[in-house]
Amino acid sequence: MTVSDDLYDDAHIAFLEQMWGEGYLSPGGPEEVSRVLTGLDLAGKNVLDIGCGSGAITLSLARDHGAGHVVGVDVETPVCDAARARIAAAGLQDRVSIKQVSPGPFEFDDQSFDVVFSKDSIIHIPDKDFLSAEVFRVLKPGGWFAASDWLIAHDDTPSEDMQHYIKLEALDFAMASPTRYAEALHGAGFQDVTLSSRNAWYAQVGEQELAYLIGPDRSDLENKHGASFIADQIKTWTAMVKVLKSGEHCPHHIRAQRPA
């Protein structure tokens with residue numbers, strides 16, 4: 001479904017949560033989740049969270065956004081373990097479940113969910129047509145797909161700067177353009193497809209994150225995570241900020257509805 005197992009090990013989980021908040025493995029925290037969901041009412045709904053990570057968002061969809069039941073799926077053993085522990089600590093096992101899955105079709109019946117959500121995870125799924133068709137299949141008529149993802153601005157060969165950044169990330173990124181996503185969603189049968197760029201927002205936030213990594217807190221970060229680990233993250237963030245500022249790396253919000 002998402003990345004191959006153990007790319008997000010305990011060390012990376014701990015670092016990313018320090019950067020982005022406990023339980024968050026992508027930027028923006030609960031505020032960005034709320035923006036992805038703008039205008040959608042989850043009250044009492046069945047929700048699928050693709051790429052649930054360490055579970056803070058999956059938990060929030062039920063606790064803070066009122067979903068009746070949320071299923072979070074991921075392929076990563078460490079993040080699924082962390083997510084299950086988080087849900088248990090919150091006492092919401094009756095409304096939130098975490099399933100470790102294998103790449104391929106969703107293990108759910110047709111028309112199982114009112115909303116399918118994903119936060120910066122479907123970048124790891126290369127076949128956007130297959131992804132779109134599976135999301136369409138498991139949605140009930142009238143249901144919504146609401147996601148954010150990291151996109152590339154074009155479908156040509158990535159620039160040398162982008163190739164360098166993707167290599168440093170080492171996370172099996174399968175970036176696609178806004179045009180490619182729109183084509184895949186329309187091709188699956190979705191209507192009301194919208195894609196909204198978040199490049200300006202994350203270009204600014206990414207610079208702030210880089211400043212944090214190289215600033216006065218660097219020694220504390222090195223003591224906690226290791227000097228070589230932090231040096232590698234600084235290289236990655238430096239490369240990322242460059243392609244964000246060029247516009248080639250362009251995070252987007254994605255929204256589409258299965259016809260009623």
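If you're wondering where the values come from, they're calculated on a predicted model, not measured in any experiment.
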Residues in side chain to side chain donor-acceptor pair (under 3.5 Å) with [X], at least two apart?
| X | answer |
| --- | --- |
| E222 | R218 |
| S118 | none |
| S159 | E248 |
| D192 | none |

Exercise for the section: Pick out which of D129, D127, D155 makes a salt bridge (Lys or Arg N to Asp or Glu O under 4.0 Å) with R180. Expected result: D129
Exercise for the section: Look at the rings of F173 and H124 and say which category their plane angle falls in: under 30° parallel, 30 to 60° tilted, over 60° perpendicular. Expected result: tilted
Looking at [atom1] of [X] and [atom2] of [Y], how far apart are the two atoms once the value is rounded to the nearest 0.5 Å?
| X | Y | atom1 | atom2 | value |
| --- | --- | --- | --- | --- |
| I57 | D64 | CD1 | CG | 11.5 Å |
| Q111 | D109 | CD | CG | 10.0 Å |
| I234 | L213 | CD1 | CG | 5.5 Å |
| R137 | E134 | CZ | CD | 4.0 Å |
| E183 | S132 | CD | OG | 10.5 Å |
| H252 | S177 | NE2 | OG | 9.0 Å |

Problem - Option among L151, L244, I123 that satisfies the side chain to side chain contact (heavy atoms under 4.5 Å, CB included) test with P251 - result: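 Testing each of L151, L244, I123 against P251, the sole residue satisfying side chain to side chain contact (heavy atoms under 4.5 Å, CB included) is L244.
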So, do [X] and [Y] sit near enough that their side-chain heavy atoms are less than 4.5 Å apart?
| X | Y | answer |
| --- | --- | --- |
| K224 | D220 | no |
| F117 | L37 | yes |
| T236 | E169 | yes |
| V71 | V47 | no |
| S34 | H65 | yes |
| H69 | K45 | no |
| V135 | I50 | yes |
| I152 | H154 | yes |

Between [X] and [Y], is any side-chain donor less than 3.5 angstrom from a side-chain acceptor?
| X | Y | answer |
| --- | --- | --- |
| Y181 | K128 | yes |
| Q18 | H225 | yes |
| T77 | Q100 | yes |

Please tell me whether [X] and [Y] are part of a single hydrophobic cluster in this structure, the criterion being side-chain heavy atoms less than 4.5 Å apart.
| X | Y | result |
| --- | --- | --- |
| F108 | V101 | yes |
| M175 | L168 | no |
| F106 | F130 | no |

Exercise for the section: Would you please test V79 and L25 for side chain to side chain contact (heavy atoms under 4.5 Å, CB included) and show each step? Expected result: CA-CA 10 Å; V79 296; L25 304 183; 3.7 Å; yes
Exercise for the section: Identify the residue among E76, E22, E17, R84 that makes a side-chain hydrogen bond (donor to acceptor under 3.5 Å, both in side chains) with S54. Expected result: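 Passing option: E17.
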Handout entry: Test side chain to side chain contact (heavy atoms under 4.5 Å, CB included) applied to H253 and L195, step by step
Key = CA-CA 6 Å; H253 289 177; L195 290 99; over 6 Å; no
Handout entry: side chain to side chain contact (heavy atoms under 4.5 Å, CB included) evaluation trace for W237 with M19
Key = CA-CA 12 Å; W237 251 260; M19 291 292 291; 3.8 Å; yes
Handout entry: Pairs involving residues 192-221, ordered by first then second residue, that meet ring pair (Phe, Tyr, Trp, His ring centres under 6.0 Å) (sequence neighbours left out)
Key =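 Sorted result for residues 192-221: W150-Y202.
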Provide the closest heavy-atom pair for [X] versus [Y] in the form atom of the first, atom of the second, distance.
| X | Y | result |
| --- | --- | --- |
| P126 | A174 | CA-CB, 3.6 Å |
| V193 | A182 | CG1-CA, 4.3 Å |
| S26 | K119 | OG-NZ, 3.0 Å |
| L40 | A146 | CD1-CB, 3.7 Å |
| V70 | A67 | CG2-CB, 3.6 Å |
| G23 | A56 | O-CB, 3.2 Å |

Donor-acceptor pair, [X] side chain versus [Y] backbone, under 3.5 Å?
| X | Y | answer |
| --- | --- | --- |
| D74 | G53 | yes |
| R255 | T38 | yes |
| Q257 | W144 | no |

Practice task
Check the pair V73 / E107 against side chain to side chain contact (heavy atoms under 4.5 Å, CB included), numbers first and verdict last.
Solution key: CA-CA 10 Å; V73 297; E107 300 173 3; over 6 Å; no
Exercise for the section: Kindly state whether the ring of H12 and the ring of F229 have centres lying under 6.0 angstrom apart. Expected result: yes
Problem - E160, CD: over 12 other non-hydrogen atoms inside 6.0 angstrom - result: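 Counting neighbours around CD of E160, 12 or fewer heavy atoms of other residues, nucleotides or ligands fall under 6.0 Å, so no.
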Exercise for the section: List for me each residue that meets salt bridge (Lys or Arg N to Asp or Glu O under 4.0 Å) alongside K140, sequence neighbours excluded, and say none if there are none. Expected result: D114
Problem - Electrostatic pair R198-E32, nearest N-O below 4.0 angstrom - result: yes
